[in-house]
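The shown structure was predicted, so the numbers you read here are calculated from the model rather than taken from an experiment. We number each residue from 1, following the sequence as shown.
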Amino acid sequence: FQAEDGIRDLVRSRGLGDVYKRQEEGNIWIGTFLGGLNRYNRRTGSIEKIELIPPVAGMEQDVYSKSLFSIYIDSRKRIWVGSIEGLYMREKENDDFTIWNPDYFQNNFVYHIGEDRLGNLWVCTYEQGIFRIDTLGRVSNFTAGSNHDILSNRIVFCFMDSTRTIWFGTVEGGLLRYDMERGSFKSYTGKDGLPNNTVYAITRDTRGNLWLSTNKGISRFDPQKEEFTNYTENDGLVGNQFNFKSGLTTSSGFMYFGAVNGLTYFNPAQLQTDAHQPEMHFTDLKIYNTCLLYTSPSPRDRTRSRMPSSA
């Protein structure tokens, strides 16, 4: 990996919240924990700080504009920015950013933003569940309190697949599935085979399997069979505890997951499953430290029993 000087210095000094590349212009939008919103021009190498305007008088500028966790550019080229206390939006190129619909999003920790194939926006928040913004700007809120199929209001990741299904990663609520056709949710937790109920990031391989990073390794989920296959540091991961929103699949098929102590990457197509089932050899049995079985010195002889005689 090669880091360009401007971005490297910004991340080192301010911390990284989210990154979004705008293809048409080649600009990279960077949200930071302490440095607000920045636009990096790859052609000139310059970084421009973009001011976000507080929605009401008396609100601290630092609270809104310096701690950003999500950036998304939708199909209408509107730019959405999620902060620890609100959702910002810029309609046109020369417009200012303003807090969007403060009745819903003021003082709301926006963690991730995505868009489905119908143009609806899905906003993941850390305390207030999931918000859907339709193409007319109408807002719907889905929470654990109003929907028993949602087990946590701390939603930190959303992933849109090609089957009209939206997947959400939660903190302590497992993997959450939304069926766009039926308008229904379903949760998968440790009882279903998930290694841990916190899902930090979700991505998909070419076979349609989902890959999830958690607090106990990485899990592969088959949506058709609803089966999990779990991997830990014993399988070669850099560690078992991963980090928020740190996961992606590249055009070459490689997956990258950020952990608290490093980076794990692999190509799912190149993973090999060891189907060998080793034989079990019973060599001894002890009860109260007394041997009841022993193995003959000759490897060709079967194990013979030496059971105590009954009185």
Decide yes or no on side chain to side chain contact (heavy atoms under 4.5 Å, CB included) for Val156 and Val171, but give the supporting numbers first. CA-CA 7 Å; Val156 295; Val171 175; 3.8 Å; yes

Candidate pair Val123 and Asn108, rule side chain to side chain contact (heavy atoms under 4.5 Å, CB included), full reasoning: CA-CA 11 Å; Val123 181; Asn108 210 335; over 6 Å; no

Chi angles and distances behind the side chain to side chain contact (heavy atoms under 4.5 Å, CB included) call for Leu248, Thr203: CA-CA 6 Å; Leu248 61 84; Thr203 188; 5.7 Å; no

Check the pair Phe131 / Val110 against side chain to side chain contact (heavy atoms under 4.5 Å, CB included), numbers first and verdict last. CA-CA 10 Å; Phe131 289 85; Val110 176; over 6 Å; no

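For Trp122 and Tyr178, the distance between ring centers is under 6.0 angstrom. Aromatic rings from Tyr126 and Phe69 are positioned such that their centres are separated by 6.0 Å or more.
Residue pairs satisfying the salt bridge (charged side-chain N to carboxylate O under 4.0 Å, His left out) criterion with at least one member in residues 195-208, sequence neighbours excluded, are absent. Applying the salt bridge (charged side-chain N to carboxylate O under 4.0 Å, His left out) test to pairs two or more places apart or on separate chains, those with a residue in residues 151-161 are Glu127-Arg154. Among residues at least two apart or in separate chains, salt bridge (charged side-chain N to carboxylate O under 4.0 Å, His left out) pairs with a member in residues 212-235 are Arg177-Glu226, Lys186-Glu226. Contacts classified as salt bridge (charged side-chain N to carboxylate O under 4.0 Å, His left out) and involving residues 137-148 (residues at least two apart or in different chains) are given here: Asp134-Arg138.
Contacts of Phe159 classified as ring pair (Phe, Tyr, Trp, His ring centres under 6.0 Å), with partners at least two apart in sequence or in another chain: none. Taking Trp100 as the reference, Trp80, Phe105 meet the ring pair (Phe, Tyr, Trp, His ring centres under 6.0 Å) condition, with sequence neighbours excluded.
Test Phe244, Phe242, Phe257 against Tyr200 for ring-ring contact (aromatic ring centres under 6.0 Å, His included) and you get one pass: Phe244. Looking at Tyr256, Trp211, Phe254 one by one, the single match for ring-ring contact (aromatic ring centres under 6.0 Å, His included) with Phe266 turns out to be Trp211.
Within the 3.5 Å criterion, the main-chain N or O of Cys124 finds no donor-acceptor partner in the side chain of His112. A donor-acceptor pair is defined here as one N or O able to donate and one able to accept, closer than 3.5 Å; such a pair exists between the side chain of Ser187 and the backbone of Asp149. The main-chain N or O of Ser75 is found under 3.5 Å from a side-chain atom of Glu115 such that the two form a donor-acceptor pair. In this structure, Asn197 contributes its side chain and Gly190 its backbone to a donor-acceptor pair below 3.5 Å. Not a single donor-acceptor pair under 3.5 Å links the side chain of Asp179 to the backbone N or O of Ser184. Judged purely by atom type and a 3.5 angstrom limit, Arg76 has no side-chain atom pairing as donor or acceptor with the backbone of Glu91. For the pair Thr125 (side chain) and Gly129 (backbone), a donor-acceptor distance under 3.5 Å is present.
Using bins of under 30°, 30° to 60° and over 60° for the plane-to-plane angle, the ring pair Trp29/Phe97 lands in the perpendicular bin. Using the six-membered ring where Trp is involved, Phe168 and Phe185 have ring planes that are tilted, between 30° and 60° apart. Using cut-offs of 30° and 60° for the angle between ring planes, the Trp167 and Phe221 rings count as perpendicular.
In the hydrophobic clustering of this structure, Ile133 does not group with Met180; members are Ile, Leu, Val, Met, Phe, Trp, Tyr whose side-chain heavy atoms approach within less than 4.5 Å, directly or through other members. The hydrophobic clustering, which links ILVMFWY residues whose side-chain heavy atoms are closer than 4.5 Å, places Ile99 and Ile71 together. By the rule that hydrophobic residues join a cluster once side-chain heavy atoms approach within less than 4.5 Å of another member, Val260 and Val238 end up as members of separate clusters. Under a hydrophobic-cluster definition in which Ile, Leu, Val, Met, Phe, Trp and Tyr are linked whenever side-chain heavy atoms come within less than 4.5 Å, directly or via other members, Leu175 and Ile155 are assigned to different clusters.
Two residues are said to be in side-chain contact when any heavy atoms from C-beta on lie closer than 4.5 Å; Thr214 and Thr198 fail this criterion. At least one side-chain heavy atom of Arg78 sits less than 4.5 Å from a side-chain heavy atom of Leu121.
Considering CD1 of Ile218 and OG1 of Thr264, their distance stands at 5.5 Å, rounded to 0.5 Å.
More than 12 heavy atoms of other shown residues, nucleotides or ligands fall within 6.0 angstrom of atom CZ in Arg117.
When only modelled atom types and interatomic distance are considered, Asn230 and Ser219 share a side-chain donor-acceptor pair under 3.5 Å.
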